[in-house]
Structures are given as C-alpha cells and as structure tokens.
Protein chains: 2
Amino acid sequence: MSDTDELLSIRAAELYYEENQTQDEIGVILRLTRWKVGRLLASAKANGFIRIEIVHPRARRLPIERRLRESTGLTDAIVVSSAGVSSEAELQSRTAQAAADYLTSLRPIPRTLGISWGRTLHDVSLHLKEGWAPGVNVVQINGGVSLNQRTGTAASTAVTIAHKADGSATLLPSPAIFERLETKQAMEADRTVAGVLALGRNAQAYLFSAGQADANSALVDSGYLTVEQIDDLVARGAVGDVVGRYIDANGRIVDPELNERTVGIQIDQLRRAPLTIAVISGNKKHAIARAVVRNGLCTVLVTDEDTANALLQEKDTP
Amino acid sequence: MSDTDELLSIRAAELYYEENQTQDEIGVILRLTRWKVGRLLASAKANGFIRIEIVHPRARRLPIERRLRESTGLTDAIVVSSAGVSSEAELQSRTAQAAADYLTSLRPIPRTLGISWGRTLHDVSLHLKEGWAPGVNVVQINGGVSLNQRTGTAASTAVTIAHKADGSATLLPSPAIFERLETKQAMEADRTVAGVLALGRNAQAYLFSAGQADANSALVDSGYLTVEQIDDLVARGAVGDVVGRYIDANGRIVDPELNERTVGIQIDQLRRAPLTIAVISGNKKHAIARAVVRNGLCTVLVTDEDTANALLQEKDTP
DNA sequence: GCCAAAGTTGCTCAGATGAGCGATAATATC
DNA sequence: GATATTATCGCTCATCTGAGCAACTTTGGC
C-alpha cells in the first residue's frame with residue numbers, strides 16, 4: 001500500500017471507529033468513493049493498526065485458545081485476557097474465576113473430582129458459585145499442608161468445592177511428603193488412607209494446579225522441603241511440581257527417591273486420565289506450564305494470556 | 001443490566017470481535033436471538049468493555065479534539081494518539097509531525113508566518129515535506145539562541161521551514177534577552193531589526209511552542225537565564241514561557257522588568273492575532289499548555305492525548 | 001513503444017446490522 | 001391481588017457493508 005493510502009486509512013479509521021461515521025460519510029469527507037473507504041478500513045485492520053481489546057475481568061482470548069488447542073493437542077484451553085490487569089494477583093484471580101466457570105459448565109458433570117491443593121485451587125474454590133453442580137464427590141489426590149501452616153487450607157479447598165456443589169469431600173489424611181519411605185508405606189497400607197487413594201485414582205476428572213520450582217513453593221512454606229532441597233532439585237532440572245511431585249521440562253520425575261516418599265496420585269495416573277484440568281497462571285509459571293502441557297499431564301489448560309503466548313512462541317521456534 | 005447479561009455481552013464480544021462471527025452465528029452458539037446479540041454487543045460498547053485503539057504514529061484522537069474545541073473555544077485542536085508510544089520523545093515527534101501536517105493543510109496558505117524557536121519547532125521543521133507550501137515568508141518573532149549553543153538552531157528552523165516551502169526566511173538578528181534595557185531599546189531602534197519586528201507583528205499566522213518553567217528551559221541552556229532566576233520566576237507563579245516571555249497560570253507576565261528586556265513579539269500581540277498555532281507536548285508541559293489555552297494565547301493547539309486530557313479534566317472540575 | 005501481468009477502481013448484489021415499533025413480560029404501586 | 005409502569009423481546013424495514021466481478025490503469029519486461 002502506498003504511503004498516502006496508509007495515512008488515509010488512518011484518517012478513515014478515526015472517523016469510522018471514533019466518530020461512528022458511515023463509510024459513505026467518510027467518503028464525502030475524504031473525497032473518496034465509499035468502496036475505497038471500505039478497502040482502506042480493511043487494510044488498516046490487516047496492517048494491525050486497529051487494536052480491539054475486550055476489557056473485562058471475565059474476558060477470554062478465543063483466538064489464542066484455538067491456537068493453543070491446535071498446536072498442543074489439548075482438548076480444551078481457556079485463556080483469560082490480561083487487558084487492563086494491574087497486578088499478578090489480579091491475573092491469577094481472573095484465571096481462577098475462569099477455572100470455576102469452566103468447571104461449572106463442564107458436561108457431563110463428573111461424579112468424582114480429584115483435586116490437589118494450593119493457593120490457586122483455593123482461589124478457584126472461592127470463585128465457584130453456590131450450587132455450581134448437583135452433587136459432586138471431591139477427593140484430595142495428594143497429601144495436605146502441614147499443620148504448622150494455616151490449618152486446613154487443603155481441606156478447606158476440598159470442602160468448599162464439595163459444599164458448594166451439594167456434594168461430599170473426601171480428605172486425604174496424610175502429610176504430603178514423609179521423611180522415611182517405611183512410614184509412607186505404612187500409612188498407605190492403612191485401610192482408610194488406601195481407600196481415599198483408590199477413590200482418587202478412580203476419579204472421573206482431576207483439577208490441579210502446579211508450582212514453580214523456587215523458594216516460594218508451598219512445599220517449602222509448609223515445611224516439607226528446605227530451600228536447599230529445592231535448589232538441588234532445580235540443579236537437577238526441576239521446573240516445578242504437580243500434585244507435590246517435581247518434574248523436569250520433559251515431564252520426568254526429577255528425584256525418584258523423593259517421589260517415592262510423596263503421598264498421592266502418580267504423575268502417570270494423571271497422564272492416563274481422560275479429563276485433567278490444569279490451572280496455571282503467572283509469569284513465573286511459564287516453565288512448569290510448558291512441562292505440563294508438552295508432556296500430556298493435562299487435557300485442559302486454564303491459564304492467562306501471557307503464559308499462553310509463551311507456550312505458543314516455543315512451538316513456533318522449535 | 002443484569003450480571004449474566006454482562007457476562008453474555010463479553011462472550012458475544014469475544015465471538016464478534018476476535019472470531020469475526022456474525023451476530024446470527026453468535027446467536028446460535030449462545031442460544032440467543034440475533035437481536036439480543038446485537039443489543040448485548042451495543043451494551044458492551046456502551047459499558048466501555050470494548051476498547052478500540054488506532055495504533056499508528058499519525059493517529060489522532062478526534063473525540064478529544066472535539067471536546068477540546070467545545071470546552072475551550074479553540075478554532076482547532078489537533079490531538080495525537082499516545083497509543084503504543086514508548087517514550088516521551090516519540091510522543092513529541094508525533095506531535096511535531098501533526099503540526100507539520102496541519103501547517104501543510106492550512107487554507108488559505110499564510111503569506112507570512114511568524115515562528116518562535118526551540119526543540120519542538122525544530123522538530124516540526126524537519127517533519128515538513130519539501131514543497132509543503134508554494135512560497136511562504138517565514139519571520140522569527142523572538143530573539144535567537146546565543147552563539148555558545150549549537151549555532152543557529154533558531155535560524156536553521158526558520159530557514160528549513162521557508163526553504164521547504166520555496167519561500168524566504170527573515171531572521172531576527174538579536175539575542176533573546178538583553179542584560180540592560182537600554183541596549184535592548186537601542187537594538188530595537190536599529191532599522192533592520194525594527195523592520196524584522198514589524199514584519200513579525202504583521203504576520204498572517206504564528207507558529208510557536210512553549211517551555212515549562214524549570215532548569216531544563218532552552219533559555220537556561222542558552223545562557224540567558226540562570227537556574228536561580230528560573231526558581232525565582234517559579235516562586236512568583238511562572239508556569240512556563242511563550243516566545244521567550246514567562247507567564248503565570250493566568251497568562252500574565254510574571255516579571256515585567258525581565259519582559260521589557262526580552263526581544264520579540266509581545267504576548268498581547270499573540271493574543272490579538274487571528275491565527276496562532278501552539279505546539280505543546282509532554283507531561284511537564286501540562287501547566288503551560290493550560291495557561292496558553294485558557295488565556296487565549298493560541299487559536300489552534302497541537303498537542304498529545306495526555307496533555308489534552310489534562311486540559312479537559314480541569315475544565316470538568318472548576 | 002508495445003503488450004502482458006498485476007494492481008486498482010467502480011459497481012452489483014446479497015448478507016449483516018441498527019433504528020424503531022408494537023407485543024409481551026417483569027416490576028412496582030396501591 | 002389488580003393495575004400501572006417500565007423494561008425487554010421479537011420483529012420489520014431501511015441502511016450499511018463486504019464479496020465478487022468486470023473495466024480500467026499502472027507497471028514491468030522486452
């Protein structure tokens with residue numbers, strides 16, 4: 001397009017989008033036929049001069065969702081817009097809201113829903129509306145936060161989700177990680193615990209988040225791991241944890257011994273499940289999100305625009 | 001509007017603006033009539049959820065221009081968009097470009113154009129296209145930069161503007177401010193200088209910028225004023241200078257004695273002129289822009305979106 | 001300078017859309 | 001609970017707009 005045409009397309013766009021003039025009227029003003037005006041407007045759009053943003057906490061980015069589905073093979077992708085967000089917390093809240101929306105609209109409604117715990121899932125539980133589903137049994141799929149933390153964040157998440165769906169919550173009464181393998185095995189042998197774990201393995205759907213591998217991990221906060229242990233895991237390639245288990249960029253368990261001492265569903269069980277919803281948002285979680293998506297650990301990803309774009313860019317530059 | 005309708009309007013907007021679906025198709029997807037979809041889209045717009053930006057260096061903000069004209073009584077207002085600008089310099093360059101565009105499209109073409117000097121006007125001169133007008137006599141209306149500066153910025157601006165219009169430049173061979181009133185009067189008595197000043201007074205149009213009152217002023221850089229003098233002027237209410245003369249928020253000369261020693265057109269002559277184009281851009285110039293516009297020192301203002309909004313907000317909250 | 005190829009223009013026509021208007025539903029008022 | 005009032009809905013119709021096409025203009029190649 002010629003230089004003067006580019007300028008004209010901008011003038012036309014101003015009159016069209018800001019002044020709500022018709023292409024006819026613009027034609028009169030700029031001394032052009034209305035067809036020329038139409039073409040100029042089309043070229044302004046094609047050149048990317050017209051940026052249309054939907055500014056709303058519930059706004060999603062459908063084109064990014066589609067590209068994500070196509071390039072990763074995800075069953076579904078929910079990408080919340082970051083237009084107009086001023087803080088990371090706001091973005092994560094939007095993502096949690098979107099996850100709650102997705103859960104609510106899920107058909108068929110899963111009778112048993114396996115969930116992990118964490119800040120993100122807690123946020124999701126708060127965003128769910130009373131009566132979001134008619135009776136869902138919520139099962140914890142990995143060991144809970146220790147008691148030196150604000151008691152029962154994990155339990156409260158599960159209970160809230162279940163309660164709001166007029167369902168029941170089945171809690172996993174176990175720490176996340178045991179110091180000794182023998183203790184962990186003894187615990188798993190307990191009939192109650194074994195029952196919960198079996199229920200978790202047979203859930204129809206899973207909802208979980210993931211944590212980045214750094215000192216801010218909930219597993220560090222809860223006292224299960226030390227900062228030094230995290231550093232060691234990172235040195236061995238860990239990018240983050242899923243249901244309490246640290247994985248590398250290829251989705252492999254970083255420390256098999258540690259993994260053995262971790263209570264809950266195995267990564268492979270997640271990989272085989274037909275419906276696994278991962279909720280991952282935030283700038284620091286791009287790496288773990290990538291690991292989760294690339295290695296088939298989820299079939300549905302709920303995330304934010306920036307994380308989604310990061311995933312797409314990697315795909316484009318292999 | 002109800003809460004669910006608001007959400008629906010966002011879903012509709014996503015499909016309409018991001019996926020280019022027709023209102024009919026959206027109706028099928030969301031189980032609504034196409035009229036309902038149309039209404040939802042209209043309400044999304046009305047609620048400000050749809051933000052349309054024209055991202056282009058030459059983009060203007062016509063609605064703001066109109067509001068400025070209406071609320072200030074300016075003959076014309078040119079407001080450049082700040083969408084997508086990353087630096088103050090870029091915004092100022094856009095404003096200069098817009099001023100050049102305005103000058104080029106000006107009808108009738110002024111035979112004599114009085115100009116001041118400064119970074120902004122120099123920028124305007126560079127953005128003008130060769131042959132922007134068929135013969136314009138450009139006259140300097142205030143004293144030039146001193147010679148210890150990069151020689152001839154002021155002269156070069158005038159010459160460039162004139163040259164590109166196949167016209168002639170009449171320079172004012174005088175310092176901006178004299179130390180002694182007597183010297184200034186003697187200078188003005190000189191036939192050549194007097195002739196230039198007379199020519200300047202009779203120009204058909206004026207183009208000038210304005211400087212904020214702080215240590216970065218061109219008058220300080222050029223050695224005419226010290227930082228202390230500026231501080232003093234500020235203490236006495238100065239918000240900036242127009243054609244070398246410091247004014248307060250009410251458009252009054254702050255220091256009459258200093259004003260007397262300043263060579264060039266008087267503020268009042270500017271106020272009486274039928275066509276005076278002020279080019280003012282940048283966050284620090286909001287106050288001086290306000291003083292210029294509120295006190296009728298210009299009939300046309302070329303500025304940036306942020307400055308324009310600042311002017312409008314003051315109007316709304318008197 | 002001539003011709004082919006590519007690009008641009010004005011136009012027809014069908015599809016998309018907003019304004020306006022009765023009909024219907026929801027809400028408030030007594 | 002009946003009625004008045006308001007809001008919402010589905011629709012018609014006129015207008016707006018984009019796709020497609022033939023005519024025309026420009027450009028590049030020889």
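We name chains A, B, ... by the order of the sequence lines, and we start the count at 1 in each one. Basis for what follows: all heavy atoms, side chains included, without hydrogens, waters or symmetry-related copies. Just so it is clear, the structure is predicted and the values come from calculations on it, not from any experiment.
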hbond_proxy A/Arg39 side chain to D/dG18 base (donor-acceptor, 3.5 Å cutoff): no
Distance in Å, A/Leu8 CG paired with A/Arg31 CZ, rounded so as to fall on 0.5 Å steps: 12.0 Å
Polar atom pairs between nucleotides 14-18 of chain C and protein, under 3.5 Å, N or O only, would you list them?
residue, atom, partner, partner atom, Å
C/dT17, OP1, B/Tyr16, OH, 2.8
C/dT17, OP2, B/Thr22, OG1, 3.4
C/dT17, OP2, B/Gln23, N, 2.9
C/dG18, OP2, B/Gln23, NE2, 2.8

N/O donor-acceptor pair under 3.5 Å between A/Ser9 side chain and A/Leu41 backbone: no
Audit row: A/Arg39, A/Asp5, salt bridge (charged side-chain N to carboxylate O under 4.0 Å, His left out) steps and yes/no: CA-CA 10 Å; A/Arg39 284 187 242 265; A/Asp5 263 18; over 6 Å; no
Value in whole Å for how far the P atom of C/dG10 lies from CG of A/Leu40: 11 Å
Atom-pair distance (CG on B/Leu8; P on D/dT8), nearest Å: 14 Å
Under 3.5 Å donor-acceptor, B/Thr299 side chain and B/Thr276 backbone: yes
Whether A/Glu88 side chain and A/Asn283 backbone form a donor-acceptor pair below 3.5 Å: yes
Backbone N/O of A/His286 and side chain of A/Thr307: donor-acceptor pair under 3.5 Å: no
Could you tabulate the donor-acceptor pairs under 3.5 Å formed by side-chain atoms of residues 73-85 of chain A, not counting sequence neighbours?
residue, atom, partner, partner atom, Å
A/Asp76, OD2, A/Tyr102, OH, 3.1
A/Ser81, OG, A/Ala83, N, 3.0
A/Ser82, OG, A/Glu305, OE1, 3.3

Whole-Å gap separating P (D/dA7) and NZ (B/Lys36): 14 Å
Of B/Arg290, B/Arg294, B/Arg67, the residue whose pairing with B/Leu311 passes side-chain contact (heavy atoms from CB on, under 4.5 Å): B/Arg290
Output one line per pair: protein atom, nucleotide atom from nucleotides 23-27 of chain D, and distance, for all N/O pairs under 3.5 Å.
none

d(CG, A/Asp5; C1', C/dG7) in whole Å: 12 Å
